[in-house]
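Keep in mind that this is a model prediction, so the values were computed, not measured. In listed order, ligands and their atoms are each counted from 1.
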Amino acid sequence: MKRIKLLDKEFALSIPASDIKKALWEMASKINAELHDKNPLMICILNGSFMFSADLMKLIDFPCEISFVKLSSYEGMGSTGKVKQLIGLNEKIEGRTVVLLEDIVDTGVTIEKLIGQLNAQNPRDVKVATLLFKPDACKRNVELDYVGLEIPNDFIVGYGLDYDGYGRNLPDIYTVIDY
Ligand code: IMP
Ligand code: MG
């Protein structure tokens, strides 16, 4: 299995780009079927979701807007449990369907906090599309409308996800090797 090194850690290939592509196709076909008449506003949660959002948007087959928020909760290989908002949302979402595009739902703290903030602006509906979900790490009861792949509770990098800033450019996803 292919291995890489980032900073002080070694990682082994766990999800090849072909599996990511397949998961995106399945997710996009559901979104296309369910939301084509809802004029949804997609919201990419930076930084981790930039690659997932870009690839997913190319598979959306109806006219569709995207905007961006920037949140941060991770340091090194763990969640700090606190969510910092670094860039907020400019668009008005009252009465609109919004779809949050998240790279991974881990503890669920980030997505829960953002859903709470957005709900205060009275949107019609807030949906969540996440490429990855770690069911064994999730401590919050959040409804995930579109999930690409469920994965074990291990630290991963690649396809937008980072280890202290590195690894986001990798087209495949890698899991940290026991240390
Ligand atoms: P949560 O708030 O614990 O659900 O985690 C949210 C954010 O932490 C995600 O959007 C990711 O950006 C980051 N994150 C969670 N798990 C991982 C991981 O395994 N590798 C890299 N980043 C992660
Ligand atoms: Mg993220």
K.L.:
Any side chain to side chain donor-acceptor pair (under 3.5 Å) involving residues 54-64? Give me the pairs, sequence neighbours left out, ordered by first then second residue.
P.N.:
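Checked against side chain to side chain donor-acceptor pair (under 3.5 Å) - neighbours excluded - the pairs reaching residues 54-64 are Asp55-Lys58, Asp55-Tyr159.
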K.L.:
Specify the closest pair of heavy atoms between Asn32 and Leu59, including all atoms of both residues, with the distance to one decimal.
P.N.:
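For Asn32 versus Leu59, the nearest heavy atoms are ND2-O, 3.0 Å.
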K.L.:
Given Ile173, Val83, Thr107, identify the one with the heavy atom nearest to atom 3 (O) of ligand 1.
P.N.:
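Nearest heavy atom to atom 3 (O) of ligand 1 lies in Thr107.
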K.L.:
Find all atoms of ligand 1 within a distance of less than 4.0 Å from any non-hydrogen atom belonging to Thr110, and give their numbers and elements.
P.N.:
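Result: 1 (P), 2 (O), 5 (O), 6 (C).
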K.L.:
Distance under 4.0 Å to a non-hydrogen atom of Glu102: what atoms of ligand 1 satisfy this?
P.N.:
10 (O)
K.L.:
Tell me which one of Leu161, Leu46, Ile156 gets a heavy atom nearest to atom 20 (N) of ligand 1.
P.N.:
Ile156
K.L.:
Out of all atoms in ligand 1, which are within 4.0 Å of some heavy atom of Lys134? Include the element for each.
P.N.:
16 (N), 17 (C), 18 (C), 19 (O)
K.L.:
What do you reckon, does Val157 have a nitrogen or oxygen under 3.5 Å from a nitrogen or oxygen of ligand 1?
P.N.:
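Val157 vs ligand 1: no N/O contact under 3.5 Å.
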K.L.:
Using a 3.5 Å cut-off and no angle test, enumerate the donor-acceptor pairs between side-chain atoms of residues 15-22 and protein atoms at least two apart in sequence or in another chain.
P.N.:
{"unit_1": "Lys22", "atom_1": "NZ", "unit_2": "Glu26", "atom_2": "OE2", "d": "3.4"}

K.L.:
Please tell me if the side chains of Arg96 and Asn39 come closer than 4.5 Å, counting only heavy atoms from C-beta onward.
P.N.:
yes
K.L.:
Over all heavy atoms of both residues, which pair between Leu86 and Ser72 is shortest? Give the atoms and the distance, please.
P.N.:
CD1-CB, 3.7 Å
K.L.:
Considering the heavy atoms of Asp162, write down every atom of ligand 1 situated less than 4.0 Å from one of them.
P.N.:
21 (C)
K.L.:
Are Leu7 and Leu170 joined in one hydrophobic group, where the rule is that I, L, V, M, F, W and Y side chains link up if heavy atoms are under 4.5 Å apart?
P.N.:
yes
